[in-house]
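Note sheet for the following structure.
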Amino acid sequence: LESVEPAIGDEARVRRWGRFFVLDDEREANLLGEEDPVMSLAVEKLKELSSDPEKRRIADDRERDLLAHGHALASAIHRGKEEGIAIGREAGKEEGIAIGEARAALAAIEAMAEVLGIELSAARRAALSLASLDELRARLQSLRAHRAWV
């Protein structure tokens, strides 16, 4: 198996390219060009591109387009997050209301059973704890109508 680590020369080349992409002035560019013929060629091409007004305009347009795209993307992500939060809140409210209604129905069933003298055995309590809101409502309606656990 070949070594996964880059050769020492590769690391130096990567560092030079990193310096190339953040050049601040022509003196730094010239020093970089003296270190490596590839960097010299890159610096030369950069100077050519920078001195041609049409190519410079194209580069500036591209830079503006990239910035606009980045802004539009960030804005879309922000809107998506806000919409997701709103949907989550609404779903949470609905779930909270359903839980509250289920607890109220269960409390009403327990109160009705106590008033009617109906024993809520462990099996009945287990069944009630697993029942849906509609099933709890139906059980409460049955207790009211029949005055018994039917």
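Since the structure is predicted, the reported quantities are computational estimates derived from the model, not experimental observations. No hydrogens, no waters, no symmetry mates; every other heavy atom, side chains included, goes into these values.
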*Roughly how far, to the nearest 0.5 Å, is the CD atom of E94 from the CZ atom of R89?*
14.5 Å
_Please check: side-chain N/O of S129 versus main-chain N/O of A126, any donor-acceptor pairing under 3.5 Å?_
yes
*Can you tell me how far the CG atom of D25 sits from the CG atom of N30, to the nearest 0.5 Å?*
9.0 Å
*For A108 and L140, which heavy atoms make the closest approach, and how far apart are they?*
CB-CD2, 3.7 Å
*asked:* Between R19 and E35 (salt bridge meaning N to carboxylate O under 4.0 Å), is one present in this structure?
replied: yes
*asked:* Hydrophobic clustering (ILVMFWY, side-chain heavy atoms < 4.5 Å, transitive) - are F21 and L23 grouped together?
replied: yes
*Hphob cluster co-occupancy, M112 + L128, side-chain heavy atoms under 4.5 angstrom*: yes
*Counting N and O atoms only, with roles assigned by atom type, does the side chain of S50 sit under 3.5 Å from a partner on the main chain of L46, one being a donor and the other an acceptor?*
yes
*Report the distance from atom OG of S75 to atom NE2 of H71, rounding to the nearest 0.5 Å.*
5.5 Å
*Can R62 and D65 be counted as an ion pair, charged N to O under 4.0 angstrom?*
no
*Give the minimum heavy-atom separation between W149 and I118, together with the two atoms involved.*
N-CD1, 3.8 Å
*Mind listing the closest non-hydrogen atom pair of M39 and L32 along with its distance?*
CB-O, 3.5 Å
*Taking atom CD of E28 as the centre, does the number of heavy atoms from other residues, nucleotides or ligands within less than 6.0 Å exceed 12?*
yes
_Basic-acidic side-chain contact under 4.0 Å: D60, R56_ = yes
*Is E82 salt-bridged to R79, going by a charged N under 4.0 Å from an acidic O?*
no
*Salt bridge flag under 4.0 Å for residues R124 and E119*: no
*Closest heavy-atom contact between G33 and S40?*
O-CB, 3.4 Å
*Under 4.0 Å between a Lys/Arg side-chain N and an Asp/Glu carboxylate O for K55 and E48?*
no
*asked:* Minimum heavy-atom separation for L116 and A148, please, with both atom names.
replied: CD1-N, 4.4 Å
*Run the salt-bridge test on E135 and R139 with the 4.0 Å N-O cut-off and return the result as yes or no.*
no
*Do you reckon L106 sits in the same ILVMFWY cluster as I99, going by side-chain contacts under 4.5 Å, direct or chained?*
no
*Residue pair A105 / L136: nearest heavy atoms and the distance that separates them*: CB-CB, 3.9 Å
_Assigning hydrophobic clusters by single linkage (Ile, Leu, Val, Met, Phe, Trp, Tyr; side-chain heavy-atom cutoff under 4.5 Å), is L49 placed with V43?_
no
*Should the heavy atoms of other residues, nucleotides or ligands under 6.0 Å from CD of E101 be counted, would the total exceed 12?*
yes
*Hey, mind stepping through R147 and L143 against side-chain contact (heavy atoms from CB on, under 4.5 Å) and telling me if it holds?*
CA-CA 5 Å; R147 305 270 184 219; L143 285 172; over 6 Å; no
